[in-house]
Number of protein chains: 4
Amino acid sequence: MAQTRAPRADAVRNRKKILDAAREQITLHGPDAGMDEIAAAAGVAVGTLYRHFPTKTDLVAAVVAEYTTHVAEAAEAARERLATGARAVDEITDFLARVTEATATNHAVKVAARALGADPADRDAEARAGAALAALIQAGQADGDIHQDVTVDDIYLLFSTAPTDQPPAARARWLTLVLTGLTTHTRTGGTGIAS
Amino acid sequence: MAQTRAPRADAVRNRKKILDAAREQITLHGPDAGMDEIAAAAGVAVGTLYRHFPTKTDLVAAVVAEYTTHVAEAAEAARERLATGARAVDEITDFLARVTEATATNHAVKVAARALGADPADRDAEARAGAALAALIQAGQADGDIHQDVTVDDIYLLFSTAPTDQPPAARARWLTLVLTGLTTHTRTGGTGIAS
Amino acid sequence: MAQTRAPRADAVRNRKKILDAAREQITLHGPDAGMDEIAAAAGVAVGTLYRHFPTKTDLVAAVVAEYTTHVAEAAEAARERLATGARAVDEITDFLARVTEATATNHAVKVAARALGADPADRDAEARAGAALAALIQAGQADGDIHQDVTVDDIYLLFSTAPTDQPPAARARWLTLVLTGLTTHTRTGGTGIAS
Amino acid sequence: MAQTRAPRADAVRNRKKILDAAREQITLHGPDAGMDEIAAAAGVAVGTLYRHFPTKTDLVAAVVAEYTTHVAEAAEAARERLATGARAVDEITDFLARVTEATATNHAVKVAARALGADPADRDAEARAGAALAALIQAGQADGDIHQDVTVDDIYLLFSTAPTDQPPAARARWLTLVLTGLTTHTRTGGTGIAS
DNA sequence: CATGAATGAGCGTTCATTCAT
DNA sequence: AATGAATGAACGCTCATTCAT
């Protein structure tokens with residue numbers, strides 16, 4: 001009897017609580033946040049935590065996957081704005097700023113993921129983000145705003161190492177410097193001495 | 001365990017062996033490389049390791065200090081080559097390539113240092129590196145090759161996040177992208193719109 | 001190592017097993033009895049031991065507390081027997097013999113407690129023991145059997161140093177000698193000069 | 001050549017320095033005073049320490065032996081004063097007070113000796129002390145001041161557990177209580193109620 | 001004979017993971 | 001399915017003792 005009811009909802013709710021607690025605890029106490037601490041913060045017992053995520057690595061990978069999904073959605077939203085007349089280079093700039101910001105929030109989680117060798121996890125989200133980003137780049141190149149040689153991999157290469165543990169001012173300066181390497185616009189208007 | 005029956009190297013030799021083993025093991029197994037593993041890799045007993053470095057933090061700090069000294073020497077050598085007619089922008093490029101290379105070797109060590117709260121260690125070496133770098137930047141700006149707004153902190157900001165765990169080809173590409181943000185030279189010859 | 005494959009005793013039973021094992025191991029091997037040894041003797045893993053007692057100090061303090069409670073109960077039982085016509089000096093004698101006996105079992109534990117700086121632990125039990133003992137002394141003094149100047153602190157002072165590592169015969173002799181200092185009774189009938 | 005000279009004097013001096021340092025360090029830092037600390041305090045290297053005392057147990061035993069010798073000498077001096085008309089019970093009282101005092105100074109050393117299972121060490125000194133004490137007791141019994149049943153072992157039994165870690169006032173009170181058990185003198189002059 | 005660097009078993013403690021309830 | 005007590009390998013570190021110099 002009762003084929004479709006109650007237990008499901010609880011499990012889903014627990015999964016969410018655990019993921020939130022994990023992100024929070026890792027952000028707070030670093031990669032060494034214990035499974036017991038995370039379970040306690042989530043209001044469940046360790047056993048329950050392990051029912052949802054068989055290893056710590058799996059848990060951290062899931063937290064990262066949430067973030068990856070978030071990034072993919074941001075990339076797709078940016079691409080869609082192109083259809084409504086937005087300029088590609090502006091969308092890319094905005095997107096990268098947003099990603100850098102979000103990554104800063106998740107810095108400790110990323111460190112933990114690397115320490116544990118956690119998989120990039122959500123291949124689907126990555127593919128969606130990659131496709132959207134490729135479209136944005138292509139549009140920017142068509143506009144003449146983005147260097148012809150820039151690829152999606154370039155973006156990944158640069159932003160995978162954003163200084164997300166630095167204060168906002170430093171992050172902003174970093175973004176400026178890096179964007180100058182991607183776009184065709186010079187930063188300072190030059191000094192008139194350029195070779 | 002030490003197979004060669006310890007031919008009684010003196011303390012200086014042991015210190016070197018331990019530092020090398022520490023760098024190697026941390027690079028190999030991450031910040032969690034055990035003191036016992038490091039000692040074994042160095043061919044000494046744990047006690048010896050602890051005689052030289054009272055805590056793991058001290059050990060990691062010493063490894064970082066070696067690297068910092070190395071960087072400082074490279075920066076000073078580059079500055080000295082200016083006197084013999086070298087072009088500043090070329091020296092900076094070379095220096096950064098070299099540092100990125102060296103940092104790749106020390107990436108995990110840096111992570112470990114941060115995880116353990118190890119001191120920036122060698123203030124003197126840092127000061128020397130900063131001074132030399134400032135001279136190089138100034139010369140590059142006088143030549144018109146480096147953007148007027150570039151500072152030593154910019155260099156630090158960018159290179160503290162070099163993708164040192166990526167393969168050489170990726171690191172080379174990263175360097176290219178980042179240098180474009182520092183120099184007044186355009187990368188691709190542009191699309192006809194570039195400055 | 002646990003041969004019987006741990007029939008899943010509940011926490012209360014384990015706590016008792018650990019306390020017993022701790023008392024036994026410390027009595028056997030002195031304050032340096034290892035936590036691993038104690039755990040093995042209790043038939044649990046170290047982790048379980050640490051779940052019940054977060055530090056060695058806590059464990060030793062708990063063992064001492066058990067003993068203190070035991071003493072307090074003996075003292076109160078002795079006092080209650082006064083109401084049924086028992087002679088105070090006899091009850092005191094019995095009580096001290098019993099305590100000396102019990103202390104012999106706990107000698108090494110006390111030493112360990114001091115070595116680790118473990119708290120006097122059970123203030124409540126101590127207060128109860130003190131109150132009962134004071135009543136007994138007062139009754140004994142009213143009977144004229146106990147010297148007027150004897151206090152509870154005197155008893156503590158003497159019995160805190162009972163030769164609990166000596167064989168029973170020596171302990172009995174010690175008790176005789178010490179009681180002579182507390183009671184108004186002479187021991188040997190004297191030499192004709194005694195009061 | 002030079003058959004009888006130099007090296008001897010150095011060795012003797014070192015032995016003394018080490019024993020003094022050991023007593024001092026153990027008194028200061030408890031039984032856990034390290035061999036390195038003791039060697040450093042003595043101004044020698046560990047190797048030298050180990051040449052004089054093959055194990056820590058041997059070292060502590062030697063420190064205790066020094067103290068035992070001191071006690072033996074005090075006992076013999078007391079006995080000799082009998083010949084000059086001193087009253088035995090007074091000499092015994094003085095002697096025990098002095099021993100208690102000296103033991104208080106060496107409390108930590110004794111604890112260390114017990115922890116290490118160090119031998120009573122100096123059999124000769126013990127024999128001399130025992131003989132002198134026996135003579136004193138016999139004289140006191142002849143005077144009618146000491147209970148007829150008191151033996152040298154009784155004294156050892158009581159004083160081996162003097163509360164040497166207590167403040168002077170407590171130690172004095174303890175002495176008073178214990179002596180009352182040995183002598184035929186009552187402490188308070190009684191209450192007139194004594195049985 | 002002194003030195004002090006080297007040894008390595010051992011300690012107290014932690015924590016990802018398992019499993020009886 | 002959830003619980004949380006139990007597990008035990010592993011960690012950083014100490015220190016009595018050894019031995020090449």
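Below, chain A is the first sequence line, B the second, and so on; all start at residue 1.
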Give the residues of residues 46-58 of chain B touching DNA chain E, defined as any heavy atom closer than 4.0 Å, sorted by residue number.
B:V46, B:G47, B:T48, B:R51, B:H52

Interface residues of residues 35-42 of chain B with DNA chain E (non-hydrogen, below 4.0 angstrom)
none

Counting only side-chain N and O atoms of D:N14, is one of them less than 4.0 Å from OP1 or OP2 of E:dA2?
yes

What is the distance, rounded to the nearest whole Å, between atom [atom1] of [X] and atom [atom2] of [N]?
X: B:D32; N: F:dA9; atom1: CG; atom2: C1'; answer: 15 Å
X: C:I26; N: E:dC11; atom1: CD1; atom2: P; answer: 13 Å
X: B:K16; N: E:dA5; atom1: NZ; atom2: P; answer: 20 Å
X: A:I18; N: F:dA1; atom1: CD1; atom2: P; answer: 13 Å
X: A:L116; N: E:dC15; atom1: CG; atom2: P; answer: 14 Å

For [X], give me all partners under side chain to side chain contact (heavy atoms under 4.5 Å, CB included), at least two apart in sequence or on another chain.
X: D:K110; result: D:Y67, D:T103
X: A:A40; result: none
X: A:T161; result: B:T161, B:P163, B:W174
X: D:R15; result: D:L19, D:H52, D:F53, D:A62

For [X], what residues pass the side chain to side chain donor-acceptor pair (under 3.5 Å) criterion, not counting sequence neighbours?
X: A:H70; value: none
X: A:R114; value: B:D165
X: A:T48; value: none

DNA chain E base-pair string [pairs: Watson-Crick or G-U under 3.5 Å; |: paired with another strand]:
.||||||||||||||||||||

Evaluate the side-chain proximity of A:R13 to A:K16: yes if any heavy-atom separation is below 4.5 Å, no if none is.
no

Would you list the atom pairs, donor with acceptor, under 3.5 Å between side chains in residues 29-39 of chain A and any protein atom, with sequence neighbours excluded?
residue	atom	partner	partner atom	Å
A:H29	ND1	A:Q25	NE2	3.2
A:H29	ND1	A:E37	OE1	3.4
A:E37	OE2	A:G34	N	2.9

Closest heavy-atom pair and its distance - D:A108, D:T27:
CB-CA, 3.8 Å

Residue met sooner reading DNA chain F from 5', once B:P31 and D:G34 are mapped to nucleotides
B:P31

By the side chain to side chain donor-acceptor pair (under 3.5 Å) test, which pairs, at least two apart or in different chains, include something from residues 57-66 of chain A?
A:R23-A:E66, A:T55-A:D58

